[in-house]
There are 2 protein chains.
Amino acid sequence: MRSTPTVYDVAEHAGVSIATVSRVYRSPATVRVETRERVLAVARELGYVPSGSARGLASRTTGVLGLCFPDFHDTEAEGAPDADDAELMLYVDEVIRGMERAARRHGYALLIAASVAGGPGQSVSDMAGRVDGLAVLAQTVPEDELDVVARRLPVVMLANPPDRARDHVEVANFDGQLALTRHLIKDHGLRRLAFVGGPEDSPDGEARFRGYQAAHLAAGLPLPDRPDARSDLTQAGGRLAAQALLDRLSPRPQALVFANDQMAVGGLHALGERGLRAPDDIAVTGFDGIPLGRLVTPTLTTVRQPMGQLGEQAVALLLARLADHDRPPEARVLATTLTRRASCGCADR
Amino acid sequence: MRSTPTVYDVAEHAGVSIATVSRVYRSPATVRVETRERVLAVARELGYVPSGSARGLASRTTGVLGLCFPDFHDTEAEGAPDADDAELMLYVDEVIRGMERAARRHGYALLIAASVAGGPGQSVSDMAGRVDGLAVLAQTVPEDELDVVARRLPVVMLANPPDRARDHVEVANFDGQLALTRHLIKDHGLRRLAFVGGPEDSPDGEARFRGYQAAHLAAGLPLPDRPDARSDLTQAGGRLAAQALLDRLSPRPQALVFANDQMAVGGLHALGERGLRAPDDIAVTGFDGIPLGRLVTPTLTTVRQPMGQLGEQAVALLLARLADHDRPPEARVLATTLTRRASCGCADR
DNA sequence: CGCGCCTCTGTAAGCGCATACATCACCCTG
DNA sequence: CAGGGTGATGTATGCGCTTACAGAGGCGCG
């Protein structure tokens, strides 16, 4: 009784076998009411809490789903009015929420871990060893590691994966960026745009760029063959890229189209430093729809992703595969919506 | 080889014993380099992923910390410009973030679960069975359940607990509300304030009310003996309470002081419905510092809590107790900061 | 009255790993 | 060259639970 009580203790005190104790928790219906209540009473008295590890070992299922996301801690968080809460403006929060809620609805708990910048190797298989299914945000885990993990349990990517052999839920990046770019071209009459992309290995970023290209195509404008600049997907990256671009492009572009909101916010800062103003001197757009976009001046025109849905759909796909290991890979595509605010010249302020 | 490989498979293929395989992962330094690499190579080839459950069972530690939070899904999310993202404006996101980061720094993963409205009983001990330590947000779990769980593992409360016998990290609710109320009285010259509290069993809410009282005391104003109204801590609740208050109090109060931001936002709506404007007709204040407070009109004067810190400190306390089971209960108090915005008459707009 | 069947409970065998302890080879010291 | 270390590995056990299987009553039915 010194250490934490186990089934054995409960069984002994209740005068039953450990199997019965186990059944009280696993399949209460198969135990006579009287017995069940006696066991539960003893358990309560003893402070018995079933060991998740033991249960996991014996039943070969953990009742936990996992979520890996990149650690987007944007240290240069100067975009927000107070640096303090810039960090809570990131979209993974929404994904976490959505996923937690969906998981809980289905009786699962959620294990979360940002990928460690340094050695991700450990963390992923660490996670994989603890969960029944794993959702991975884009750019978090190298493909080959995922392959290893996927041999062991269901894995769903939360982004457009390089190949389509994996379950994934993606967002209509192409369509969204197409709509946004068309808006700039058609509605605002802009013709010389510049695109600031993310890393080349970001499938989302690349898909957005293709949407950007398509809008040019549709409008009969010259087809940009690649992003005018690239950087990582942070505010700092966006600012640097914008600075470089403003230095480099002699007829200043009429719009800076960023691959995501954080970069766009960084871009706004770069403009400010140059004494330029959006949207008067140059339009600016982002992608994602993070809350921060509404707090900056001017408010940021963007394409909003349904991030809560990302999490929900991830759970749905994981459960589907858990139920049928051999089903064909499925892709869920979530629609985006164009959010016109001030930075493209739509709203005032 | 059909099913997922285990230490036995790896050991056999590498020509070593399972103990050596285990050591390769647990204490690599004790294995000869040559052996270690052979084992790792085999493991990689086989797609071996150590089972968290088995490890947990054998080592009696899971490497996971848990966080229970209330499901504050504010269905009446009309406060936000788009209802969609009202849900990501809640402060638990920040706590989750802070805790995840701190946990990861110390080699732990984070298991999260909102308390199920219906039957919380199961979820808590479910969690407890899977983690090495548990952080619990106020009002999430009944005290007696916590007592049971606390016999098994370290538990820290993220709020002012009813008794001080538990590790907890609290926020300086009293001081914060005192400062805020004094600001209204001294700087804005208001004398007839009304306080809208939360449920009586919310320790935070009660502490805030005591700060409110103290400010009256210090200013020589009549001491309010209890909140002028109470409601649950949601927008809907705040709105209803404000409506009732405006109907009831015949000389309209000069300020509505809400126990938290969400209620205050609801209160702003109530004012709008009455054709009243803050701060001109009546000042309004909140408590927490949620991002939503900056998005509403007028922007919300509030007291900001360092919520990320809440999570970080929770981890610190859990680790401390894990290291020394017999240390006396510790309380960490986090300072708050008064954030003056428009709704009290400080900023414009 | 005997048989099959159903309900409830017990028995026993792992689940995959960590780890104390034993073993063994080898090196150093005197 | 013996004796004591030291480092690397193997052996064996148990962590706390689930679950197939077996057993024991009790029931209805022919």
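So you know, we letter chains A, B, ... as the sequences are listed, proteins then strands, and number each from 1.
- In terms of phosphate contacts, A:Arg32 brings no side-chain nitrogen or oxygen within less than 4.0 Å of OP1 or OP2 of C:dC8.
- The residue A:Ser22 sits close to a base: some heavy atom pair falls under 4.0 Å.
- Of the side-chain N and O atoms in A:Arg26, one or more sit less than 4.0 angstrom from OP1 or OP2 of D:dT18.
- Look at A:Thr30 and you won't find any side-chain N or O under 4.0 angstrom from OP1 or OP2 of C:dT9.
- Distance from the side chain of A:Val31 is smallest to C:dT9 among D:dC17, C:dT9, D:dG10.
- No side-chain donor-acceptor contact under 3.5 Å links A:Asp204 and A:Ser202.
- The residue from B:Met307, B:Glu312, B:Gln309 that alone fulfils the side-chain contact (heavy atoms from CB on, under 4.5 Å) condition with B:Leu334 is B:Gln309.
- Between A:Arg55 atom CZ and D:dC17 atom P the separation is 9 Å, expressed in whole Å.
- Phosphate proximity of D:dT19 to A:Tyr25: absent, as no side-chain N or O sits under 4.0 Å from OP1 or OP2.
- Comparing B:Tyr8 and A:Ile18, the nucleotide of DNA chain D nearest to each residue sits closer to the 5' end for B:Tyr8.
- Aromatic rings of B:Tyr8 and B:Tyr48 (six-membered ring for Trp) have centroids beyond the 6.0 Å cut-off, not under it.
- Put simply, B:Ser59 has no side-chain N or O that comes within less than 4.0 Å of OP1 or OP2 on C:dA18.
- Here A:Val21 lies out of heavy-atom contact (under 4.0 Å) with every strand.
- If B:Ser53 and B:Thr20 are placed on DNA chain C by their nearest nucleotide, the residue sitting closer to the 5' end is B:Ser53.
- Between D:dG10 and B:Ser17, a contact under 4.0 Å exists linking OP1 or OP2 to a side-chain N or O.
- Residues B:Arg166 and B:Glu143 are paired through a salt bridge, judged by an N-O separation under 4.0 Å between the basic side chain and the carboxylate.
- Applying the 4.0 Å criterion to OP1 and OP2 of D:dA8, one finds that B:Thr35 has every side-chain N and O outside that range.
- Heavy-atom nearest nucleotides on DNA chain D were determined for B:Arg23 and for B:Arg60, and the one closer to the 5' end corresponds to B:Arg23.
- The side chain of A:Ala19 has C:dT11 as its nearest neighbour among C:dT11, D:dG16, D:dG10.
- Between the C1' atom of C:dA18 and the CG atom of B:Leu57 lies a distance of 10 Å, rounded to the nearest Å.
- For the atom pair CZ (A:Arg44) and CD (B:Glu145), the distance works out to 10.5 Å, reported to the nearest 0.5 Å.
- If you find the closest nucleotide of DNA chain C to A:Ala29 and to B:Ala54, the one lying nearer the 5' end belongs to A:Ala29.
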